[in-house]
Amino acid sequence: MSSETYTVTGMTCDHCSRSVRAEVSAVAGVTAVDVDLATGTVTVTSEQPVSTDKVREAVEEAGYTLAS
């Protein structure tokens, strides 16, 4: 198992966190996504490491930005 935490900018409400969770959960290999709205972080758990680019694409698809 692999786990990585990312900072997402632009999330302000529960709807935001649900959108990010749904998009990141759809990335191949992802087994769990925990969104902490208060800190603006997303923790992605996967079978094998998932590339940051794939997570970034999913977050952008939800309408938000992965912090550098």
Side-chain angles (χ1 to χ4, degrees):
M1 288 298 224
S2 176
S3 183
E4 188 72 39
T5 300
Y6 303 91
T7 300
V8 176
T9 58
M11 295 189 304
T12 59
C13 65
D14 190 50
H15 178 313
C16 299
S17 62
R18 284 194 312 265
S19 295
V20 169
R21 184 179 297 112
E23 290 295 335
V24 175
S25 292
V27 174
V30 171
T31 56
V33 178
D34 180 45
V35 179
D36 186 333
L37 187 59
T39 62
T41 59
V42 176
T43 301
V44 179
T45 304
S46 56
E47 298 166 358
Q48 300 292 325
V50 174
S51 78
T52 300
D53 288 340
K54 293 290 185 189
V55 174
R56 183 182 317 279
E57 289 172 14
V59 168
E60 289 175 356
E61 183 67 29
Y64 306 95
T65 304
L66 197 66
S68 300

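The two residues Val50 and Tyr6 come nearest to each other via the heavy atoms O-OH, 3.9 Å. Shortest non-hydrogen contact noted between Cys16 and Gly10 is SG-O, 4.4 Å. A pairwise comparison of heavy atoms in Val35 and Ser17 identifies CG1-CB, 3.4 Å as the closest pair. When all heavy atoms of Leu37 and Asp14 are compared, the pair lying nearest together is CD2-N, 3.8 Å. Among all heavy-atom pairs drawn from Tyr64 and Val20, the shortest one is CD1-CG2, 3.5 Å. Taking every heavy atom of both residues into account, Ala58 and Glu23 meet most closely at O-CB, 3.3 Å.
Put simply, the side chain of Val42 does not reach to within 4.5 Å of the side chain of Val59, judged on heavy atoms.
Of the possible donor and acceptor atoms, one in the side chain of Thr31 sits under 3.5 Å from a partner among the backbone N and O of Thr45.
The side-chain contact (heavy atoms from CB on, under 4.5 Å) with Val24 is formed by just one residue from the set Leu66, Val8, Val33; it is Val33.
Remark: Asp34 CG to Thr5 OG1 distance equals 8.5 Å, nearest 0.5 Å. Summarising the geometry, atom OG1 belonging to Thr43 is positioned 9.0 Å from atom CD belonging to Glu4; distances are rounded to the nearest 0.5 Å.
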Report the C-alpha separation of Glu57 and Glu61 in whole Å, then their side-chain angles, then the decisive distance to 0.1 Å, and conclude whether the side chain to side chain contact (heavy atoms under 4.5 Å, CB included) test is met. CA-CA 6 Å; Glu57 289 172 14; Glu61 183 67 29; over 6 Å; no
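Counted within 6.0 Å of CD on Glu47, heavy atoms from surrounding residues, nucleotides or ligands total 12 or fewer; the atom is thus considered open.
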